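Right, one structure below, let's go through it.
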Protein chains: 2
Amino acid sequence: MTDEHTADRDELALGRIETEVALLMRFGEATRRGTGTTEHRLLDRAAYVILRHLASVGPQNVSALAAKLNLDGSTVTRQVSAMQRDGLIARTPDPTDGRGTVISPTPAGLQRMAAVQAARTRLYGDILAAWSPDDRDSLAELLHRLNQALESRPRPR
Amino acid sequence: MTDEHTADRDELALGRIETEVALLMRFGEATRRGTGTTEHRLLDRAAYVILRHLASVGPQNVSALAAKLNLDGSTVTRQVSAMQRDGLIARTPDPTDGRGTVISPTPAGLQRMAAVQAARTRLYGDILAAWSPDDRDSLAELLHRLNQALESRPRPR
DNA sequence: CAGAACTACCTGTACGATACAGCTATCTGT
DNA sequence: ACAGATAGCTGTATCGTACAGGTAGTTCTG
């Protein structure tokens with residue numbers, strides 16, 4: 001912004017970030033698809049994210065979940081139905097609103113979530129085995145800030 | 001590994017990384033889905049990735065693309081067919097192998113790819129407007145290293 | 001307080017991206 | 001020259017998602 005070198009450097013960094021995020025996304029998807037192996041036999045990803053959210057902020061109704069996850073309500077309805085069938089969450093009528101249904105994680109659901117989380121953490125430990133603690137911290141911190149930046153800018157258009 | 005404090009700190013960082021990557025993935029998908037708005041009207045994501053790869057390493061056959069993108073050959077076949085229909089790539093018989101088909105980007109394809117790339121880079125510039133150049137560089141670098149680490153460990157199991 | 005407008009959820013349906021299985025044409029090694 | 005491998009295509013199935021429409025319950029308004 002102040003001089004041309006800085007502008008160039010920024011351009012470059014942004015391009016690299018764009019590239020790397022795209023690449024990471026590819027990896028994530030490939031992993032998700034390809035890994036029927038472990039976790040995803042236990043818990044498909046949507047269920048994992050829903051459980052994490054329920055665990056962190058407490059029981060929620062379908063609409064709140066949908067809003068948080070950026071998904072259509074109907075999608076969440078179905079995912080929640082599947083999770084109920086699998087005993088991962090429980091539906092109870094919302095006492096304060098006859099239309100609503102409150103979704104709560106079951107102990108089994110929380111336990112499965114924790115197991116998947118642990119497996120993933122282990123996986124990262126494996127992948128980042130050669131990294132210094134400082135680098136790990138930095139990555140965690142920068143990703144956190146990136147997500148914050150993304151969150152505060154939900155409508156890119 | 002050497003002392004308990006380090007181990008704890010690592011655990012923590014790994015957990016955070018796991019969380020943030022999952023979150024980033026969610027964002028990416030939500031953006032992809034929700035954004036019929038701009039880029040994705042122009043170029044769906046698979047096409048973008050394919051074009052990027054073709055642009056960076058030159059014309060490829062379907063199998064090579066599939067391997068690189070971690071996708072089934074049939075998937076790539078269909079994507080490539082759609083891209084051919086849209087004039088983004090051209091198929092030519094492989095002169096050195098009668099079975100093969102070489103996929104090359106067309107000028108139109110490269111141009112669309114560049115436009116999407118520019119749009120994305122601009123978007124990141126927007127999102128990271130408040131970041132210092134140093135932080136941007138760090139993020140780019142760490143993401144790059146993360147992807148490298150992921151790549152050298154393609155089969156987590 | 002009655003009807004209108006809204007909201008929460010569910011169900012039907014459609015679509016896109018993907019995988020797997022099976023096919024044909026071609027190539028390669030013995 | 002034949003057997004087996006490989007490249008690509010097509011058929012079919014699945015999964016996650018969205019959108020449209022329906023029903024029941026809630027809130028607002030005159």
Side-chain angles (χ1 to χ4, degrees), chain A residues 22 25-37 39-50 59-86 89-104, chain B residues 22 25-37 39-50 59-86 89-104:
Chain A
M25 229 61 117
R26 260 291 116 199
F27 264 120
E29 265 165 42
T31 303
R32 166 163 70 107
R33 304 265 167 200
T35 312
T37 345
E39 333 166 8
H40 303 90
R41 274 289 100 95
L42 294 173
L43 203 58
D44 63 63
R45 199 183 30 175
Y48 177 63
V49 181
I50 288 173
Q60 300 278 305
N61 64 28
V62 175
S63 306
L65 278 175
K68 198 68 182 183
L69 303 175
N70 259 307
L71 292 175
D72 190 86
S74 65
T75 301
V76 176
T77 291
R78 280 177 245 264
Q79 281 173 343
V80 158
S81 299
M83 292 170 73
Q84 184 179 35
R85 171 178 39 72
D86 296 344
I89 56 94
R91 270 179 170 116
T92 51
D94 187 334
T96 75
D97 185 337
R99 299 164 297 178
T101 315
V102 176
I103 314 299
S104 325
Chain B
M25 228 62 117
R26 260 286 124 195
F27 265 120
E29 266 165 43
T31 301
R32 166 161 71 106
R33 304 267 166 196
T35 311
T37 346
E39 334 165 7
H40 303 88
R41 274 292 97 98
L42 295 174
L43 202 58
D44 63 63
R45 200 182 30 175
Y48 176 63
V49 182
I50 288 174
Q60 299 279 303
N61 64 28
V62 174
S63 306
L65 278 174
K68 198 67 182 186
L69 303 175
N70 258 306
L71 292 175
D72 191 85
S74 65
T75 301
V76 175
T77 291
R78 281 176 244 266
Q79 282 172 344
V80 158
S81 299
M83 292 169 73
Q84 184 179 33
R85 171 179 38 72
D86 296 344
I89 56 93
R91 270 179 169 116
T92 51
D94 187 333
T96 74
D97 186 337
R99 299 164 298 178
T101 314
V102 176
I103 314 298
S104 325

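Protein chains get the first letters and strands the later ones, always in sequence-line order, with residue 1 at the start of each. All values derive from a computational prediction rather than experimental measurement.
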Establish, with yes or no, whether the OP1 or OP2 oxygen of [N] is under 4.0 angstrom from a side-chain nitrogen or oxygen of [X].
X: T77(B); N: dC9(D); result: yes
X: T75(B); N: dA17(C); result: no
X: S63(B); N: dG8(D); result: yes
X: Q79(A); N: dC15(D); result: no

| note | On DNA chain C, more 5' by nearest nucleotide between S81(A) and G100(A) is G100(A)
| said: Between R78(A) and N61(A), which residue's closest nucleotide on DNA chain C lies nearer the 5′ terminus? | reply: N61(A)
Expressed as a whole number of angstroms, how long is the span from [X]:[atom1] to [N]:[atom2]?
X: Q60(B); N: dT6(D); atom1: CD; atom2: P; value: 18 Å
X: M83(A); N: dC10(C); atom1: CE; atom2: P; value: 14 Å
X: D72(B); N: dT14(D); atom1: CG; atom2: C1'; value: 14 Å
X: M25(B); N: dG16(D); atom1: CE; atom2: P; value: 16 Å
X: L65(B); N: dA7(D); atom1: CG; atom2: P; value: 13 Å
X: L71(A); N: dC15(D); atom1: CG; atom2: C1'; value: 14 Å
X: Y48(B); N: dA17(C); atom1: OH; atom2: P; value: 17 Å

| Just how far is it from atom CZ of R26(A) to atom CG of N70(B), taken to the nearest 0.5 Å? | 8.5 Å
| message | With no hydrogens and no angle check, just 3.5 Å: does a side-chain donor-acceptor pair link S104(B) and R91(B)? | response | no
| said: For a side-chain contact (heavy atoms from CB on, under 4.5 Å) check, start with the C-alpha distance between V102(A) and D94(A), then their side-chain angles and the critical distance, and finish with the verdict. | reply: CA-CA 5 Å; V102(A) 176; D94(A) 187 334; 3.9 Å; yes
| note | Tightest non-hydrogen contact, residues A46(A) and Q79(A), listed as CB-NE2, 2.8 Å
| note | So, with a heavy-atom separation below 4.0 Å from DNA chain C, the residues of residues 90-99 of chain B are D97(B), G98(B), R99(B)
| field | Partner of L65(B) by side chain to side chain contact (heavy atoms under 4.5 Å, CB included), out of T75(B), I103(B), V49(B), L71(B) | value | I103(B)
| Residue pair I50(A), M83(A): steps toward the side-chain contact (heavy atoms from CB on, under 4.5 Å) verdict | CA-CA 10 Å; I50(A) 288 173; M83(A) 292 170 73; 3.8 Å; yes
| query | With a 3.5 Å cut-off and just heavy-atom distances, do the side chain of S74(A) and the base of dC9(C) make a donor-acceptor pair? | reply | no
| field | Pair T92(B)-T101(B), side-chain contact (heavy atoms from CB on, under 4.5 Å): steps then yes or no | value | CA-CA 6 Å; T92(B) 51; T101(B) 314; over 6 Å; no
